[in-house]
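This report concerns only the one structure given below.
Just so it is clear, the model here is predicted, and its values are computed rather than measured.
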Amino acid sequence: MQPKSGMGRLAALALSALASVCIHGTASATNATDAEARARELIDRGESVFAVVDEHVLSSADYHRAFAVAARERFYHSKPPEGELRAFRRGVGEMLIGRVRAVDEARRRGLQPESDPIEAALRAFDERNRDRPDWADRREALLTAWRAQLENRSLHQQFEAAIRDVPQASEDQARAYYDRRPELFTEPEKVRLSLILLRVDPSSPAAAWDAALEEGRALRDRLVQGEDFAALAREHSQDADSAARGGDMGYLHRGMVGGPLQQSVDALSAGQIQGPMRLLEGVAIVRLEDRKPPLQRGFEEVRDRAAELWQRAESERRWDETLASLRRAAQVWVNESLYDGSMLAAGDSKDGRGR
């Protein structure tokens, strides 16, 4: 049930905002290693279950809160792309399961929550809420729940830090990474462009755009007849920075100009002119001055960067492999109907697909 009071809603929001594990129950002794049986037992009692991970139970509410937080962080307030949505939902579920297993493994390895920051956070939480009318009645339960969340988060952070603690790359490791991922050490193609821009406000009527296109065609004819591009840019272009340099925009990495202009530039050879063309900012004429092909930097030049990227990739690999190993070793049942976006009420997950 959703909490009725303002205090209850505050606590629910605070607890769900933490990137940590929520544990809502434990399996009975007879079903401690049978996640699916435990899930069915709970569902038959009318509870809404997202997953059972060994002895831990994650509710559908846990999942929906985690999904809401993750979706805001990933997509802000826009609607997630339909093609990505199910994979994203599954990723949120696997994240929750991974957190449960990571905290369990941290405890198994003898890690202890860091008490000083936890006590400081509890004192601050207590202080912020002491003037609420229902705080005295709810204080002990909420602080207990808050402590459990903070302890789980501390254990998770320590465990993850330990797994990700990768030594600096050796020369051989850095060089092998450089050889394996040449695209990461390659400077993109550069083009040097000159521009004449006739500005038109995007909201202008069609007549304004037609007039700018007509002026652009006249300028193009003058260029074809041999007039100096730089002189015409200084006189007519309304892009102040480049106009002062005779239209010269300098060297730009591939993709910096974007959209239709990039497609036009791709088709040009040095000295060729394209336009007039309609862009968001107005009507443009461009000339390709020079094109520099992609350039892979030598290993000696990028050794430190290669070592840094190897270390980062190795950290990710170790963490992903650890979570996968922990997941394989666990008894897990998942109500996969939530990955289709079902907002299930208690007892509605009887047809959920488990695994």
### Query
Closest heavy-atom contact between Leu223 and Phe229?
CD2-CA, 3.5 Å
### Task
Could you tell me whether the side chain of Asp201 and the main chain of Ser203 form a donor-acceptor pair under 3.5 Å?
yes
### Query
Any ion pair linking Glu183 and Arg181 (charged N to carboxylate O, less than 4.0 Å)?
yes
### Query
Does Arg287 reach the main-chain N or O of Ile273 with its side chain, forming a donor-acceptor pair under 3.5 Å?
no
### Message
Distance alone, cut at 3.5 Å: any donor-acceptor contact between the side chains of Glu321 and Ser325?
### Response
no
### Query
Of the non-hydrogen atoms in Arg291 and Pro293, which two are nearest, and what is the gap between them?
O-CD, 3.9 Å
### Task
Compute the centroid of each ring, for Phe185 and then for Phe299, and state whether the two points are separated by less than 6.0 Å.
no
### Under 3.5 Å side-chain donor-acceptor pair for Gln262 and Asp266
yes
### Message
Same cluster or not: Ile285 versus Leu268, using hydrophobic residues (I, L, V, M, F, W, Y) connected whenever any side-chain heavy atoms lie under 4.5 Å apart?
### Response
no
### Task
Please work out whether the ring planes of Trp146 and Phe125 are parallel, tilted or perpendicular, with thresholds of 30° and 60°.
parallel
### Task
Can you measure from CG (Leu197) to NE2 (His236) and round to the nearest 0.5 angstrom?
13.5 Å
### Task
Walk me through it: do Arg139 and Arg130 pass the test side chain to side chain contact (heavy atoms under 4.5 Å, CB included)?
CA-CA 8 Å; Arg139 177 178 181 275; Arg130 65 171 61 252; over 6 Å; no
### Task
Please answer: with hydrophobic residues joined when any side-chain heavy atoms are less than 4.5 Å apart, are Leu261 and Val283 in the same cluster?
no
### Query
Between Ser154 and Leu150, is there a donor-acceptor pair closer than 3.5 Å when you use the side chain of the first and the backbone of the second?
no
### Message
Please give me the minimum heavy-atom distance between Met249 and Ser242, naming the atom from each residue.
### Response
CG-CB, 4.1 Å
### Any side-chain heavy-atom pair of Leu295 and Thr186 under 4.5 Å
no
## Note on the structure
CG (Asp228) and CD (Glu235) are apart, to the nearest 0.5 Å, by 11.5 Å
### Query
Do Asn152 and Arg147 meet the criterion of a side-chain donor-acceptor pair at a distance under 3.5 Å?
no
### Message
Under a 3.5 Å distance rule, please check whether Gln158 uses its side chain to pair with a backbone N or O of Gln112 as donor and acceptor.
### Response
yes
### Query
Does any non-hydrogen side-chain atom of Val57 lie less than 4.5 Å from one of Leu42?
yes
#### Entry: Side-chain donor/acceptor of Ser204 to backbone N/O of Val200, under 3.5 Å
no
### Query
Any chance the side chains of Ser237 and Asp239 put a donor and an acceptor closer than 3.5 Å?
no
### Query
Less than 4.5 Å apart, any side-chain heavy atom of Gln331 and any of Val52?
no
#### Entry: Polar contact flag, side-chain donor to acceptor under 3.5 angstrom, Asn335-Tyr63
no
### Query
Would you call Glu84 and Phe75 a side-chain contact if the rule is heavy atoms closer than 4.5 Å?
yes
### Task
Verify the distance criterion only: is there a donor paired with an acceptor across the side chains of Tyr178 and Gln173 at less than 3.5 Å?
no
### Glu300 with Arg297: basic N within carboxylate O range, under 4.0 Å
no
### Message
Starting from Met277, can I reach Leu193 by hopping between I/L/V/M/F/W/Y residues whose side chains sit under 4.5 Å apart?
### Response
yes
### Common cluster, Leu338/Ile97, ILVMFWY with side-chain heavy-atom separation under 4.5 Å
yes
### Query
Under the 3.5 angstrom rule, does the side chain of Arg327 hit a backbone N or O of Gly98 as a donor-acceptor pair?
no
### Query
Is there a donor-acceptor pair under 3.5 Å between the side chain of Arg101 and the backbone N or O of Leu96?
no
### Query
Would Glu127 and Arg123 pass as an ion pair if we require N to O under 4.0 Å?
no
### Query
Under a 4.5 Å cut-off applied to non-hydrogen side-chain atoms, are Leu326 and Phe159 in contact?
yes
### Task
Might you point out which heavy atoms bring Ser59 and Phe50 nearest each other, and give the distance in Å?
O-CB, 3.4 Å
### Task
Could you go through the side chain to side chain contact (heavy atoms under 4.5 Å, CB included) check for Arg107 and Leu155 one step at a time?
CA-CA 7 Å; Arg107 289 197 172 97; Leu155 290 170; 3.7 Å; yes
### Task
Say whether Trp333 and Asp34, considering side chains only, have a donor N or O and an acceptor N or O under 3.5 Å apart.
no
### Task
May I ask you to test the Leu309-Tyr177 pair for a side-chain heavy-atom distance under 4.5 Å?
yes
### Query
Glu94 side chain to Gly91 main-chain N or O, any donor-acceptor pair under 3.5 Å?
no
### Task
Please determine if Arg312 and Glu316 form a salt bridge, counting it only when a charged side-chain N lies under 4.0 Å from a carboxylate O.
no
### Interatomic spacing from CD in Glu55 to CZ in Arg38 - rounded to 0.5 Å
11.0 Å
### Query
Can you name the nearest heavy-atom pair linking Ala244 to Arg234, along with the distance?
O-NE, 4.1 Å
### Message
Once salt bridge (charged side-chain N to carboxylate O under 4.0 Å, His left out) is applied, what residue pairs with a partner in residues 240-253 remain, sequence neighbours excluded?
### Response
Arg192-Asp248
### Query
At their closest point, which heavy atom of Arg89 faces which heavy atom of Tyr339, and how far apart are they?
CD-O, 3.0 Å
### Task
Examine distances only and state if a side-chain atom of Gln311 and a backbone atom of Val166 form a donor-acceptor pair shorter than 3.5 Å.
yes
### Query
Can you tell me how far the CD1 atom of Ile196 sits from the CD atom of Gln238, to the nearest 0.5 Å?
11.0 Å
### Query
Going by an N to O cut-off under 4.0 Å, is there a salt bridge joining Arg90 and Glu336?
yes
### Query
Does Glu281 come within less than 4.0 Å of Arg199, counting only side-chain N to carboxylate O?
no
#### Entry: Positive for side chain to side chain contact (heavy atoms under 4.5 Å, CB included) with Arg99, one of His156, Glu160, Arg153
His156
### Query
Does the side chain of Asp126 reach to within under 4.5 Å of the side chain of Trp135, using non-hydrogen atoms?
yes
### Co-membership, hydrophobic cluster, residues Val92 and Val334, 4.5 Å side-chain
yes
### Task
Rounded to the nearest 0.5 Å, what's the gap from CE on Met95 to CG on Leu323? Could you check?
11.5 Å
### Task
Test Arg65 against Val69 for side chain to side chain contact (heavy atoms under 4.5 Å, CB included), laying out the working first.
CA-CA 6 Å; Arg65 282 194 295 267; Val69 171; 5.7 Å; no
### Query
Which value, rounded to the nearest 0.5 Å, describes the distance between Arg132 atom CZ and Arg128 atom CZ?
10.0 Å
